[in-house]
Amino acid sequence: MDARMKLPLWTAALGSAALIAACASAGGSPPKLGAARPGALQSCNDLAAKAALPGTVYTQVSSVAAGTIGVGNASVPVPAHCLVQGHMNERTSPVDGNRYAIGFEMRLPLAWNGRFFYQANGGLDGVVIPATGGIGGGGPTTTALQMGFAVISSDAGHAGSLGPRFGIDPQARLDYGYNAVAQITPMAKNLIAQAYGRGPDRSYIVGCSNGGRHAMVAAARTPGQYDGVLAGDPGYNLPRAAVAQLYGAQQYAKVASATTAAGQPDLQSAFTPAEMKLVADRVLARCDALDGLADGIVSDVKACQARFHLDTDVPTCTGARDGQCLTPQQKTALGNVFAGARNSAGKPIYNSFPFDSGVTGSNWREWKFASPPTRDAGAVGFIFTTLPLSNRPGGLPFALGFDMDKDAPLIDAASGIYRESAMSFMSPPDASNLSQLRDRGAKLIVYHGTSDPVFSSDDTAAWYERLQGANGGDASAFARYFPVPGMNHCAGGPATDQFDMLSALVNWVEQGQAPERVIASARGAGATAVNPEIPADWSPRRTRPLCPYPQVAVYTGGDTESAASFACRTRTP
């Protein structure tokens with residue numbers, strides 16, 4: 001193994017407590033993990049010297065007063081804390097000549113709750129996002145930093161200015177896939193120990209999208225480092241999902257009714273917003289009441305897939321497209337996309353997607369029609385194929401020219417200096433084997449919007465069913481999966497998408513209180529961050545229970561806008 005991939009010797013000491021706990025539980029029931037103890041910040045400005053480690057450079061260490069900081073376009077409240085910025089493992093690539101390092105930022109609150117929070121960021125990473133600790137869901141009302149966690153974030157080992165071109169460097173691929181998290185975690189715990197006089201009692205890793213993938217990979221690769229894992233809309237099969245996006249572009253191009261200024265098919269014209277609303281309305285007509293109440297939410301998504309049929313439930317155009325029908329060619333294209341990408345022999349490349357009400361969402365359209373020639377073409381061409389296909393024309397020509405027979409297998413290939421395939425470095429090594437995480441008493445919560453357009457909730461459900469099978473048919477003692485009906489990618493769509501699963505996870509890990517349901521709210525008028533896709537006939541603060549799979553929310557009577565009127569029950573065929 002390349003020396004740069006090895007964890008420093010000092011990581012062993014930091015992880016020894018976890019190893020002892022794991023050994024103690026061998027052959028018996030998992031240990032019960034106790035609650036974290038609060039602490040107070042003891043050091044800040046002198047941390048660079050106290051927490052010095054080989055290969056780690058601290059570029060800023062300073063005290064920050066309580067107030068607000070900018071995160072994207074938002075102003076986020078923060079408590080008084082110590083800010084530490086820096087980078088690890090700086091190097092110049094012998095392959096592409098670019099400078100690489102694992103950049104990070106850590107925020108350590110004066111009033112500490114005794115916990116560590118790894119903020120797993122999304123997309124292609126490449127940017128050190130302020131370490132405030134997003135807890136997931138749409139428009140969250142608090143952050144992990146406000147809750148007292150010590151929070152770290154990272155760029156996963158490359159600069160955003162490179163775009164996907166960092167994939168030319170083999171080490172940068174591995175850092176992005178799993179090595180940055182593995183390197184930063186013990187370094188962060190060392191910082192905490194120097195700042196507070198002791199290490200964290202409990203450690204959590206949280207993220208959505210690629211961040212959810214980071215969390216699931218950490219659960220499998222470094223199970224001794226985290227007591228709680230929260231993975232939202234996880235792209236744990238991200239290279240396959242990216243190829244599926246290219247497959248989708250090829251389907252949409254066949255039915256596009258307009259061309260771009262460059263003379264290429266305009267993917268947006270394949271299905272108009274009115275046509276997708278028609279599909280959503282027909283899904284609701286067939287499936288909305290399966291949970292006992294027609295309320296604009298399809299709770300029983302699995303039952304809906306057996307009930308809704310695109311060919312017969314959506315009118316077929318006999319004349320011009322008018323938003324009230326789909327042409328036979330459109331039905332074929334949409335049906336192919338929802339059935340899952342496959343090669344010419346019919347072999348699946350990625351899982352199916354469920355038909356759901358959230359196909360009307362703007363986030364759904366952006367991922368399906370705008371992303372394939374941009375994000376997905378670049379990621380597949382530079383990062384996920386071996387050897388990289390970087391010599392091909394990019395953008396839409398790359399997406400439309402990608403061969404599902406000859407090119408798709410390259411995500412499973414390794415060659416020369418690219419010693420690991422994309423499916424190796426991006427995915428958990430054995431996603432259904434989490435016995436080490438289970439046996440040390442750690443817990444895992446996964447949630448996924450059932451209208452996610454890029455990472456399939458069917459794929460996540462299939463993973464959870466495999467995990468169940470690997471644990472005697474029931475993994476709920478340590479891992480639970482919560483579908484979020486109607487939600488798009490990580491947030492949005494016609495959904496109750498505001499929820500706090502972090503608190504549910506902490507209570508499970510530290511108090512033994514398994515989450516039987518998690519209450520989610522709509523973000524209508526008056527919410528801190530309004531979801532413009534909430535239907536007008538919903539209460540602006542509608543609540544619903546999110547239920548652990550395979551249970552679904554069933555209406556039992558009472559206020560139709562209140563979660564108290566629903567029970568989580570196992571679906572019947």
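Along the sequence shown, residues are numbered consecutively beginning with 1.
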Result block: side-chain N/O donor-acceptor pairs under 3.5 angstrom for residues 292-299, not counting sequence neighbours:
residue: D295; atom: OD1; partner: I297; partner atom: N; Å: 3.1
residue: D295; atom: OD2; partner: R544; partner atom: NE; Å: 3.3
residue: D295; atom: OD2; partner: R544; partner atom: NH2; Å: 3.0
residue: S299; atom: OG; partner: D291; partner atom: OD2; Å: 2.8

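- Salt bridge status for R523 with D497: present, with a side-chain N to carboxylate O gap under 4.0 Å.
- For the side chain to side chain contact (heavy atoms under 4.5 Å, CB included) test, residues two or more places apart in sequence or in another chain that qualify with A280 are V359, T360.
- Partners of R541 by salt bridge (charged side-chain N to carboxylate O under 4.0 Å, His left out), not counting sequence neighbours: none found.
- Partners of D46 according to the salt bridge (charged side-chain N to carboxylate O under 4.0 Å, His left out) rule, which considers only residues two or more places apart in sequence or in another chain, do not exist here.
- Classified by interplanar angle (parallel below 30°, tilted 30° to 60°, perpendicular above 60°), the ring pair Y226/Y118 is perpendicular.
- A side-chain N or O of D459 and one of N237 form a donor-acceptor pair less than 3.5 Å apart.
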(request) Begin from the C-alpha positions of T496 and T543 and carry the test side chain to side chain contact (heavy atoms under 4.5 Å, CB included) through to its verdict. (result) CA-CA 7 Å; T496 52; T543 57; over 6 Å; no
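- Remark: the backbone N or O of F455 is paired with a side-chain donor or acceptor of H448 at under 3.5 angstrom.
- Judged purely by atom type and a 3.5 angstrom limit, S427 uses its side chain to pair as donor or acceptor with the backbone of Y236.
- Applying the side chain to side chain donor-acceptor pair (under 3.5 Å) test to E533 and every residue at least two apart in sequence or in another chain returns S362.
- Residue pairs satisfying the salt bridge (charged side-chain N to carboxylate O under 4.0 Å, His left out) criterion with at least one member in residues 112-133, sequence neighbours excluded, are listed as follows: R115-E510.
- Sorted by first then second residue, the salt bridge (charged side-chain N to carboxylate O under 4.0 Å, His left out) pairs that include residues 479-491, not counting sequence neighbours, are R480-E516.
- S565 and D559 form no side-chain donor-acceptor contact under 3.5 Å, judged by distance and modelled atom types alone.
- Note: Y549 and Y481 have tilted aromatic rings, judged against thresholds of 30 and 60 degrees for the angle between ring planes.
- Partners of R569 according to the salt bridge (charged side-chain N to carboxylate O under 4.0 Å, His left out) rule, which considers only residues two or more places apart in sequence or in another chain, do not exist here.
- For residues 58-70, there are no salt bridge (charged side-chain N to carboxylate O under 4.0 Å, His left out) pairs, not counting sequence neighbours.
- For R198, the salt bridge (charged side-chain N to carboxylate O under 4.0 Å, His left out) partners are D201, not counting sequence neighbours.
- Shown here are the side chain to side chain donor-acceptor pair (under 3.5 Å) partners of Y176, two or more places apart in sequence or in another chain: there are none.
- Ring-plane geometry between F104 and Y58 is classed as perpendicular, the angle between the planes exceeding 60 degrees on a 0 to 90 degree scale with a lower cut at 30.
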All N/O donor-acceptor pairs, side-chain side in residues 484-492, below 3.5 Å, sequence neighbours left out:
residue: N488; atom: OD1; partner: W364; partner atom: N; Å: 3.4
residue: N488; atom: ND2; partner: G358; partner atom: O; Å: 3.1
residue: N488; atom: ND2; partner: S451; partner atom: O; Å: 3.1
residue: H489; atom: ND1; partner: D452; partner atom: OD1; Å: 3.3
residue: H489; atom: ND1; partner: D452; partner atom: OD2; Å: 2.9
residue: H489; atom: NE2; partner: S209; partner atom: OG; Å: 2.7

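- A cation-pi arrangement is absent between R37 and W112 under the rule of less than 6.0 angstrom and at most 45 degrees off the ring axis.
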